Amino acid sequence: MKYGYFDDSLREYVITRPDTPLPWINYLGCQAYFGIISNTAGGYSFYRDARLRRITRYRYNNAPYDFGGRYIYLRDDTSGEFWSPSWQPTRRKLENYSCRHGMGYTIIGSKYQGIEASTRYFVPLDENLEIWQTTVTNHRPQAAELSVFSLIEFCLWDAQDDSTNFQRNFSIGEVEVEDRVIYHKTEYRERRDHFAFFACSEKTAGFDTQRDAFLGAYRGWDNPAAVERGQSGNSVAHGWAPIGSHHVKLSLKPSESRQIVFVLGYQENPRDRKFDPLDSQILNKKTAKEVIAKYLVPAKADAAFEKLRRYWEELLGLCQVDTPDVHTNRMVNIWNAYQCMATFNMSRSASFYESGIGRGLGFRDSNQDLLGFVHMVPGRARERILDLAATQLPTGGAYHQYQPLTKRGNNDVGSGFNDDPHWLILGVSAYIKETGVWSILDERVPYDNAPGSETPLYEHLQRSFRYTLDRLGPHGLPLIGRADWNDCLNLNCFSDSPGQSFQTTTNKDGKVAESVFIAALFVHAGRELAQIASRRGLPGECSSYLAEVSKMDATIRKQGWDGEWFIRAYDDFGRKVGSKECAEGKIFIETQGYCTLAGVGIDDGMAARALESTRKLLATKHGIVLQQPAYSKYYLELGEISSYPPGYKENAGIFCHNNPWVIIGETRVGNGDAAHDYYTRINPSAREEISDVHRCEPYVYAQMIAGRDAPTHGEAKNSWLTGTAAWNYFAITQWILGIRTDFDGLRIAPVIPGSWSGFKATRKFRGTTYQIEVQRAGPGNQVSLEVNGSSVPGNLVPLPPAGAKTVAVKATLR
Ligand code: BGC
Ligand code: NOJ
């Protein structure tokens, strides 16, 4: 069953009924000001940091799930009836409801008793504000007297404190209202130099800024007293809960349409000019007034929207494909690339499942996210890499995350994840492969942000590699530390106290438990580093890396092979994890995927066997589960993985992030049918028809789909902010379609399904547009290349002469 449809020509998903199984959301903003918006206008906004600069308040895990947001109320002043065109919060029976989620904007509208109303929400480029354009049209045969109320609830900036420290917070709220603009200035009197504003283009009949005055006693957002009586109270908040609500009266003749523009924004003042007059406590509004005046003009708002549209057209235009599969096209051309930008901006911090206060930008996560966005925003990818590297520790290890506002690493979600350092190598190599800009390696970057500790970025990579060699265990495999990619495989934790954090508790010294996964990652990252070293003119270093890599490769095949698949780890007792010898958790996806992706066992058939075992034991129609059999009880020596009920999350859920590792593995053994089949199983667009089972948005990946051991097999959770976005984008574009960036140019090495006669693609790469046409002339993956009409040996397209605008590439598969 579906709840809407894809409008590919407009790059929108159109939701046609408001009661989606879960809120289906979108992101507004792509630079510094961000918002999350659901299909019923729920959500919130923040400036740069979802925790430290939260502009509007949102209550997670509410009932109903999504309640509170950017609301508009309409009231028929003749009958007294009122409703919300976005359905929530009043939930009337609307006609023609639709929510169009597009690239950086959302349009929600409906019709009720002959009155049509629709609001377009977006954040203009280069501004710290959001625009709501509300258009109201009277389709009645007679004139309509209407009231329009806007509504947002301000957050007192620090979202964590805002939701806990009530004894203070109920006394600090402050606002000012001037010329139809509501200014929120809590804590501005002391150390904050920033404030928020909420403006309205039309003459107002009133306003409210005190929540309880607007709502009335014992009422919720669905039934505000001010809306019911048709008159704002002109309340001025002192303490309690500041809100912003304008009241506009509209008289509409039959067929008449009017637009009201609302602008909600964030503004900082220079510290020495905070107040006006200077010796007063009155907000200096000069800087804000200009920008407010500009965007309250509908034509200016339209122009800003057009600019945003062009921005996305250009970004997405960098890689466009035309394959025989609509789901592949739609995800690659629109939604998967778009989701990669969301993970770039948010990492794992703010979604409807990530509260914005728990996790900042993850070291491991952000480096992997680079794989999906580096081609779209290479300049910002470079900045991201340098920020991440600056949180690396002198040992080569890393803080697991940092807060975007401070850019300082912290241990809030634990430390000592021994896989972390290698993702930096992969992030940097992805950047160089895309851009050809080697100078990034010479950037001087500190460790732990300590001034004076700077070394060239290249040395950070050397230390990353070394980090593992300094931490090998009894089998010669890397020690796992707190955990590797799988945060929940906690082999040194041994936690027996309720509520103790699996992320920060360690009760063993960690000299025994080893990770086969990190070994595979080491092989992969080590090969990349070797190539970098060789191109940096360091042949000796290159061969020493390769020597370590082949040693590790041999160790994996000796100590990490279980007969039919790769073992996952050794625990603190030196016992195998993910082996036929185990009672539960006999086979794990991570090592089947990552070993084959890294090329371990391709020549001797181990890779093919591991993939065969994956298909037999882990693959389901909804995707590949993380391990089998699921852990049926808690294992002290395994940690959080066994804390989840079977089939959820890391305990045998379909953890979508690692499915593409298997997909890439399948391409490495030449199996395009299997690769694309797995790709399709978790492709959200291909799952649109089963939206009632899948439940999350059909246009973006979710972190998890419940595995076969769960009663809700097939149900997705934690949509949007997941490494799944980048890895699937990488797998489909670079490995299945095979348009692969490499240090010396673009490779064309497709491993597509046998039934495809070929495909076309346009890929902008280092300033040149590659027009690619792939044709199948035989059943295999052997490529013959023709570049600008001349045949070229191998699969690497030689770099065109500087200034070349386009290159025509024809690849024939045999
Ligand atoms: C989740 C993991 C996540 C970790 C983050 C765990 O509870 O299961 O998926 O990576 O928390 O800290
Ligand atoms: C989500 C985390 O963000 C990521 O870092 C981790 O690799 C996966 N969960 C698996 O545990």
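Just so you know, these numbers come straight off a predicted model, no measurement behind them. Note that these values count all heavy atoms, side chains included, but never hydrogens, waters or copies made by symmetry. Order of listing sets the numbers, starting from 1, for every ligand and every atom in it.
Checked by atom type and distance alone, the side chain of D562 never pairs as donor or acceptor with a backbone atom of S579 at under 3.5 Å.
Here the heavy atom of the protein found nearest to atom 11 (O) of ligand 2 is E650 OE2, 2.5 Å. From the protein, the heavy atom lying nearest to atom 9 (N) of ligand 2 is F655 CZ, 3.5 Å. D487 OD2, 3.5 Å is the protein heavy atom nearest to atom 3 (C) of ligand 1. At the top of the distance list for atom 7 (O) of ligand 2, counting protein heavy atoms only, stands W485 O, 2.5 Å.
Ring centers of Y58 and F352: under 6.0 Å apart, within the cut-off. If you look at Y447 and H460, their ring centroids are closer than 6.0 Å. You'll find the ring centres of W485 and Y594 outside the 6.0 Å limit. Ring-centre distance between H375 and Y729: below the 6.0 Å cut-off.
Heavy atoms of F502 stay at 4.0 angstrom or farther from ligand 1. Close to ligand 2: R359, with a non-hydrogen atom less than 4.0 angstrom away. For K649, the closest heavy-atom approach to ligand 2 does not fall below 4.0 Å.
Per-residue contacts place K649 under 4.0 angstrom from the following atoms of ligand 1 (heavy atoms of the residue considered): 1 (C), 2 (C), 8 (O), 9 (O). Atoms of ligand 1 found under 4.0 Å from any heavy atom of Q503, numbered from 1 in the order shown, are 4 (C), 6 (C), 11 (O), 12 (O). Interface atoms of ligand 1 facing F655, defined by a heavy-atom separation under 4.0 Å, are 9 (O). Every atom of ligand 1 is numbered from 1 in the order shown, and the set under 4.0 Å from a heavy atom of R359 is 5 (C), 10 (O). Under a 4.0 Å criterion applied to the non-hydrogen atoms of N486, ligand 2 contributes the atoms 11 (O). Within ligand 1, the atoms closer than 4.0 Å to a non-hydrogen atom of Y644 are 1 (C), 6 (C), 7 (O), 8 (O), numbered from 1 in the order shown. Residue-ligand proximity, Q703 to ligand 2, at heavy-atom distances under 4.0 Å covers atoms 1 (C), 9 (N).
A donor-acceptor contact closer than 3.5 angstrom is absent between the side chains of R359 and S347.
The pair K508-E637 does not meet the salt-bridge criterion, since no charged nitrogen lies less than 4.0 angstrom from a carboxylate oxygen. Looking at R695 and E715, a side-chain N of the basic residue comes within less than 4.0 Å of a carboxylate O on the acidic one, giving a salt bridge. Of the charged side-chain nitrogens involved, none lies within less than 4.0 Å of a carboxylate oxygen, so that K586 and E564 do not count as a salt-bridged pair.
By heavy-atom distance, the residue among E650, Q401, H657, E640 lying nearest atom 6 (C) of ligand 1 is E640.
Annotation: D365 places an N or O atom under 3.5 Å from an N or O atom of ligand 2; distance criterion only.
F655 is not listed as a side-chain neighbour of I589, based on a closest heavy-atom distance of 4.5 Å or more.
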